[in-house]
Every structure is written in C-alpha cells, then in structure tokens.
Amino acid sequence: MVISKPTHPTQPLNQSSKSNIIYEHVRIDYDNQTVIHDFLASIGTGQKTVFSGPSGSGKSTLMNALMGFVTLTQGRILLGDLEVNAQNI
C-alpha cells in the first residue's frame, strides 16, 4: 500500500471486530502543511499489512498516530471500538 496518495477501500469499513484497526478520514498537518490527507484503511484481526512508500511519504507518521504520538488534524483512529486519543493513551 502506497500511502502518499489517499487510499479508499472498495468495501465499507468493518467495525464489528474488537481487534480491527481503522483509520477514518485521517488528516495530519505539520507546520501548516498537510502530510496525510483523507487516509482510510481497515486492518482486520490477523491481517498482515504493509505501509510502503518513499522516504517522507507518511509511513511512520501513520504508525505514530496509531500509538498516540501524533495528533490528528481531522478524522479518527479506532482500535476495535476504542478511539485513539489523548485521554486513553
């Protein structure tokens, strides 16, 4: 998956599994510059996923956002039914 371009899943996001990782319309800005724009992904339990792209395309930024190290400008990240935010990291 190349993340330098927005990724739009062909199927609706599945939120039924408690272990899914879901990125919903994630936007991340640094210094008034958008580095991730409208990123969508659903990673199911046991599914292997690769973030691939050139240096500076946002791979580490997406993982850091999942771990709560980066604040989203827009959208949300879910771990199962739990939204990743400053209150629960």
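- Using a 4.5 Å heavy-atom threshold, the side chains of Tyr30 and Thr61 count as touching.
- At a threshold of 4.5 Å between non-hydrogen side-chain atoms, the residues Leu78 and Asn20 do not count as touching.
- Proximity of Ile36 to Arg27: side-chain heavy atoms (C-beta onward) are nowhere separated by under 4.5 Å.
- A donor-acceptor pair is defined here as one N or O able to donate and one able to accept, closer than 3.5 Å; no such pair exists between the side chain of Lys59 and the backbone of Val50.
- The minimum heavy-atom distance between His25 and Asp38, with the atom names listed, is ND1-OD1, 2.6 Å.
- Summarising the local packing, CD of Gln47 is surrounded by more than 12 heavy atoms from other residues, nucleotides or ligands at distances under 6.0 Å.
- Taking 4.5 Å as the limit, some side-chain heavy atom of Leu79 sits within range of a side-chain heavy atom of Val84.
- Separating the CD1 atom in Ile21 from the OG1 atom in Thr49 is a distance of 7.5 Å, to the nearest 0.5 Å.
- Scored by the side-chain contact (heavy atoms from CB on, under 4.5 Å) test, Asn88 finds Leu82, Asn85 as partners (sequence neighbours excluded).
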Which donor-acceptor pairs under 3.5 Å do side chains of residues 62-74 form with protein atoms, sequence neighbours excluded?
residue : atom : partner : partner atom : Å
Asn64   : ND2  : Ser60   : O            : 3.3
Thr73   : OG1  : Asp29   : N            : 2.9

